[in-house]
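The structure appears right after this line, and notes come after that.
No hydrogens, no waters, no symmetry mates; every other heavy atom, side chains included, goes into these values.
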Amino acid sequence: MCGIVGLFETRGQNTIDRDLLAKMNDSIVHRGPDEDGLYTAPGVGFGHRRLAIIDLAEGQQPLFNEDRSVVVIYNGEIYNFRELTEELKAAGYRFKTHSDTEVIVHAWAEWGESCVERFRGMFVFALWDSNKETLFLARDRLGIKPLYYSYLPSGTLVFGSELKSLLLHPELSRELDPFAVEEYFGYGYVPDPKSIYKNVHKLAPGHILIQRRDDLPANPRQYWDVRFDDVENLSEDDICESLIEELREAVKIRMIAEVPLGAFLSGGVDSSAVVALMASVSDKPVDTCSIGFGQPDYDESKYADQVSKQFGTRHHVRQVDPDSFDLVDDLIGFYDEPFADSSAMPTYQVCKLAREKVTVALSGDGGDELFAGYRRYRWHHYEEQVRSRVPAGLRAPLFSALGRFYPKLDWAPKPLRAKTTFQALARGTVGGYFDSVSILNDDLRHGLYSDSMRRELQGYHASEVVGRFMREAPTDHYLSRVQYADMKTYLPGDILTKVDRASMANSLEVRVPILDHKFIEWSARIAPQHKLKGREGKHIFKKALEPHLSHDILYRDKMGFAVPVAQWFRGPLRDRVRESLSSETLGDTGLFDMNFIETLVNQHQSGAREHSAAIWSLVMFESFLRKVHGSGHAPASMPPSEPARIRA
């Protein structure tokens, strides 16, 4: 696992600033502490940081083809590189290393841009072909590995694994994107392909970008998509048998490494499944890592211990005080953009523990998206059943009225929080699903913004992100449509971003077998009724695992990986929240109604309302402004307004 940076002059062959390139590369040393390498040629500069996993002796980068006309830098793992190596050798290519990186340069020569369709794994790479005067950027199908890029006014294309490296370029504009701000407060992250800055983009999952010298800025092109339209009509027993075979193979190919390898083990279904299958193909005990919390509501360690004992793993556990919030101030340094998933803190802690034992860890991410494990899928199913039975002309006025008059019961179990359900039913399919995934509802976001911010938005609404993917989904089934939307938004934007930054901050490689693209293509053909059956999400996944895991592991209530931020904001972080959210840092952007923020804080800290998600997202945004955005000199997207103060 590694990190990459680069500069490409699209309008000529100006000399690359090697000192700037080195600084960009040094800014991501955590992604590759073992080695570094720089390459410069007229109008081209590549930088690479290496975390050595495969071919420790000869896998240095940048890496060249035989005549040095093609050079590549690469972050990731191509798990089928040995098969591709043999195929390319048979075609006449000579290999000087045993690394998966060398496969890329020869695959480009043999298959051109379609080479990415042959790679099975997680990757981002940049390839320069001097004969064709072409720069080729590519990102893996699911977006497991990140890539930021920007076309600068001078014609320079700057790119890197993390935003922090791009921010070192003096020409990069730091103008905030108001649409991205709206999306952040809608989802808790900025969905691809946007970044928080107007002129910085993320290469979307499953996309490539080909930039030729002296051409206009290129548009990314999609090379892969998941499809749901070819549904397999198999019995449950047949599906279960195939599921285990397919997933075991995806696990096995991810156990290739020349360094210590282990797994995360939370005690949940997905991580337990990965550990079970690792144990079935390993001839020695698997190293597993988990963290425990002092409060039972947040602690799954007893379930992790149960799975560890079943499979004889070498289990490593660290107790974490749920009131240990020291990482709050450090998070933005890992993520560079506002990121409001508070589970980033325990994720960082389990990555830190794992790195003390192993260099590579397998995780269980992706099971909920593939097999409909989130509770919101169940609620979406119920809501769609109601929508199909109530005429559209009656639905909006009826449920809008019920939503207005039903009391708001934030403290109650979801079945009693009918106000939210009525409001979702009144909105329709897209609006209702967005309401279930948003961290701040429409009323909160509208109240949060200043008048100038609302004018900047010009009616833009964050729901357009999921709405676009639900409309584009290659399926007519309502459950598959929201799964598709989550695979394009929540999975790369939140889950995989969280794991990538937390693991790379600790120089740990994390592999995700459930997100093997062949396994995804296979699972997408399973009929929706096998995934969500009655009240049971991940039905077929759990049923397939019944011979391998206990009933307690498979069918207990889902706990998640959370921290008690609501209590923090009323207790030990009470004063820090007030200081942060009354600061000139927020007020001077002109984005917010500071009096409304004052009301949110007062209501939460008095116990009158539950606003922890809104407060956390604001705390993270303020930290971003102060520690990342504030390190430059360019203005925000709107003029400053008079800051308000939050009174105790």
| query | Under the side-chain hydrogen bond (donor to acceptor under 3.5 Å, both in side chains) test, which residues partner E464, sequence neighbours left out? | reply | none

| Take atom CD in Q385; do more than 12 heavy atoms of anything else shown fall under 6.0 Å from it? | yes

| message | Parallel, tilted or perpendicular, judged at 30° and 60°: which one describes the rings of Y433 and H380? | response | perpendicular

| message | List the residues meeting ring pair (Phe, Tyr, Trp, His ring centres under 6.0 Å) with F185, not counting sequence neighbours, and say none if there are none. | response | F592, F621

| query | Could you state the interatomic distance from CD (E579) to CD (E622), rounded to the nearest 0.5 Å? | reply | 8.5 Å

| Considering residues at least two apart in sequence or located in another chain, which fulfil the side-chain hydrogen bond (donor to acceptor under 3.5 Å, both in side chains) criterion with D451? | R454

| What residues form a side chain to side chain contact (heavy atoms under 4.5 Å, CB included) with D442, not counting sequence neighbours? | R427, F434, R445, H461

| Heavy-atom pair with the smallest gap, counting every atom of A372 and L532 | CB-CB, 4.5 Å

| Close side-chain approach of E369 to L515, heavy-atom, < 4.5 Å | no

| task | Check each of F334, F339, Y335 against Y348 using the ring-ring contact (aromatic ring centres under 6.0 Å, His included) test, and report the only one that passes. | result | F334

What side-chain donor-acceptor pairs closer than 3.5 Å can you find for residues 158-170, not counting sequence neighbours?
residue : atom : partner : partner atom : Å
S161    : OG   : I4      : N            : 2.9
E162    : OE1  : H30     : NE2          : 3.2
E162    : OE1  : K164    : NZ           : 2.7
E162    : OE2  : H30     : NE2          : 3.1
E162    : OE2  : R31     : NH1          : 2.8
K164    : NZ   : G333    : O            : 3.1
K164    : NZ   : D336    : OD1          : 3.0
K164    : NZ   : D336    : OD2          : 3.3
S165    : OG   : E162    : O            : 2.8
H169    : ND1  : E171    : N            : 3.1

| query | side-chain hydrogen bond (donor to acceptor under 3.5 Å, both in side chains) with S301: which residues, sequence neighbours excluded? | reply | D299

| remark: Sorted by chain and number, sequence neighbours left out, ring pair (Phe, Tyr, Trp, His ring centres under 6.0 Å) with H604 holds for none

| task | Mind listing the closest non-hydrogen atom pair of F569 and Q605 along with its distance? | result | O-NE2, 2.9 Å

| What pairs with D494 under salt bridge (Lys or Arg N to Asp or Glu O under 4.0 Å), at least two apart in sequence or on another chain? | none

| said: So, applying side chain to side chain donor-acceptor pair (under 3.5 Å) with D192, which one of H201, R139, H207, K488 is it? | reply: R139

| Where the side chain of T347 meets the backbone of S343, is there a donor-acceptor pair that is under 3.5 Å apart? | yes

| request: Identify, with sequence neighbours excluded, every residue that meets salt bridge (Lys or Arg N to Asp or Glu O under 4.0 Å) alongside R375. | output: none

| Who are the side chain to side chain contact (heavy atoms under 4.5 Å, CB included) partners of A304, not counting sequence neighbours? | L265, S290, H315

| request: Please identify each residue that fulfils side-chain hydrogen bond (donor to acceptor under 3.5 Å, both in side chains) with S363, with sequence neighbours left out. | output: D365

| query | By ring pair (Phe, Tyr, Trp, His ring centres under 6.0 Å), which residues pair with Y377, not counting sequence neighbours? | reply | Y374

| field | Rounded distance (nearest 0.5 Å) linking atom NZ of K145 with atom CG of D140 | value | 8.5 Å

| request: Can you measure from CE (M620) to CD1 (I332) and round to the nearest 0.5 angstrom? | output: 7.0 Å

